Amino acid sequence: MKKELYLGLDVHKDCILRAVAEEGRRGEVRDTGAISNDLHAVEKWIGRLRKVHGREVLLRACYEAGPCGFGLARRLGQLGVECEVVAPSMTPKRTGDRVKTDRRDARKLARLLRAGELTPVYIPEATDEAIRDLCRARTDAVDDRRRSRHRLKGFLLRHGYHYQGKTSWSAAHQRYLGELVLPHPAFEGDPGRISASDRGGW
């Protein structure tokens, strides 16, 4: 049977803390230090593991889903490493285990991966991830616009301005805003009008 190694990765913006668990319930779990968070450093590390443990070694890796995305998982897959991205909220925690360090997290992930106790999430293809990001960006922009509109309408109502037209944010409403003169320059700055940029281009 092929030798198996379980790699726990605690991934951060600038570095990756690593731990390796050997197969078997009593297999050693050890820290192997940190590397920079770039794919070239990861490739070199995987190459060193195979050089030490043999080309036939079966490598299984995992890290928690987070802001660093799925690029690492996809690259490990291309290198022939089985990689799981796991849901942090579903990672088992021991009662009373309140001490949290990056190295300890890496060791814990390696042990849990070996025990089969982690819950993986779906790893999207790069195109799928790009579409997801586009959809999220559009949703964020729509939410920002809605909040900004509410703030502007609230500001105007506090100072006694109420649009009497039928539809808010129509062309007529935008003309109304563009022509509105507020009573004090501190409200809007010179020249005393709500500009298109102040309205966020509405």
Side-chain angles (χ1 to χ4, degrees), residues 9-17 34-43 61-79 81-93 100 102 105 109 118-202:
L9 309 177
D10 192 48
V11 180
H12 298 269
K13 178 183 69 172
D14 298 318
C15 68
I16 300 173
L17 278 296
I35 56 173
S36 61
N37 187 357
D38 68 78
L39 298 182
H40 181 64
V42 172
E43 292 165 5
C62 71
Y63 64 93
E64 290 185 327
C68 293
F70 299 96
L72 174 59
R74 287 193 289 264
R75 184 59 185 135
L76 286 171
Q78 293 169 353
L79 295 172
V81 179
E82 296 182 17
C83 183
E84 293 182 359
V85 180
V86 301
S89 61
M90 300 295 289
T91 301
K93 296 179 176 61
K100 184 181 187 308
D102 295 336
D105 287 346
L109 286 172
L118 295 172
T119 302
V121 302
Y122 169 68
I123 300 175
E125 296 294 332
T127 301
D128 294 339
E129 189 174 13
I131 293 173
R132 280 185 180 183
D133 288 339
L134 177 62
C135 292
R136 290 191 186 109
R138 184 187 184 282
T139 299
D140 289 344
V142 171
D143 289 344
D144 289 343
R145 183 180 66 175
R146 183 179 64 253
R147 284 192 292 268
S148 296
R149 285 178 170 181
H150 289 167
R151 290 192 201 102
L152 178 57
K153 290 181 75 173
F155 169 79
L156 294 176
L157 284 172
R158 286 198 307 274
H159 296 285
Y161 296 93
H162 178 64
Y163 178 60
Q164 300 298 326
K166 294 182 179 180
T167 306
S168 294
W169 314 113
S170 61
H173 189 202
Q174 292 190 51
R175 285 195 300 273
Y176 164 79
L177 293 173
E179 295 168 359
L180 193 62
V181 178
L182 299 181
H184 195 284
F187 290 146
E188 54 197 277
D190 291 331
R193 295 183 180 275
I194 298 177
S195 68
S197 60
D198 293 330
R199 300 194 309 271
W202 294 316

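Starting from 1, each residue takes its place in the sequence as its number. Bear in mind the structure is a predicted one, so any value in this text is a computation, not a measurement. All values below were derived from every heavy atom in this structure, side-chain atoms included, with hydrogens, water molecules and symmetry-related copies excluded.
With a 4.5 Å cut-off on side-chain heavy atoms, Leu9 and Val42 do not count as touching. Contact annotation: the side chain of His162 never approaches that of Leu156 to less than 4.5 Å [non-hydrogen atoms, C-beta and beyond]. No side-chain heavy atom of Tyr63 sits less than 4.5 Å from a side-chain heavy atom of Asp10. The side-chain heavy atoms of Arg75 and Leu72, taken from C-beta on, include no pair separated by under 4.5 Å. In this structure the side chain of Cys135 never reaches within 4.5 angstrom of the side chain of Arg138, judged on heavy atoms. At a threshold of 4.5 Å between non-hydrogen side-chain atoms, the residues His150 and Arg147 do not count as touching. No side-chain heavy atom of Phe70 sits less than 4.5 Å from a side-chain heavy atom of Asp128. Thr91 is listed as a side-chain neighbour of Glu64, based on a closest heavy-atom distance under 4.5 Å.
Note: Leu177 CG to Lys153 NZ = 10.0 Å, rounded to the nearest 0.5 Å. Remark: Thr139 OG1 to Asp144 CG distance equals 10.5 Å, nearest 0.5 Å. Between Arg146 atom CZ and Arg151 atom CZ the span is 11.0 Å, to the nearest 0.5 Å. Atoms CZ and CG, on Arg136 and Leu134 in that order, are 11.0 Å from each other to the nearest 0.5 Å.
Between the side chain of Arg175 and the backbone N or O of Ser170, no donor-acceptor pair lies under 3.5 Å. A distance-only check finds no donor-acceptor pair linking the side chain of Glu84 to the backbone of Glu82 [under 3.5 Å].
Nearest heavy-atom pair across His12 and Asn37 is O-ND2, 2.6 Å. Annotation for Ala61 and Leu76: closest pair CB-CD1, 4.2 Å, computed over non-hydrogen atoms. A pairwise comparison of heavy atoms in Leu118 and Leu109 identifies CD1-O, 3.9 Å as the closest pair. When all heavy atoms of Tyr161 and Val181 are compared, the closest pair comes out as OH-O, 3.5 Å. Closest approach of Cys83 to Ile123, counting heavy atoms only: O-CD1, 3.7 Å. Considering all non-hydrogen atoms of both residues, Cys15 and Leu17 come closest at SG-CD2, 3.8 Å.
Counting non-hydrogen atoms of other residues, nucleotides and ligands closer than 6.0 Å to NE2 of His40 gives a total of 12 or fewer. Annotation: Glu125, atom CD; neighbour count of heavy atoms from other residues, nucleotides and ligands within 6.0 Å does not exceed 12.
Ring geometry, Tyr163 versus His173: the interplanar angle falls under 30°, so the pair is classed parallel (tilted spans 30 to 60°).
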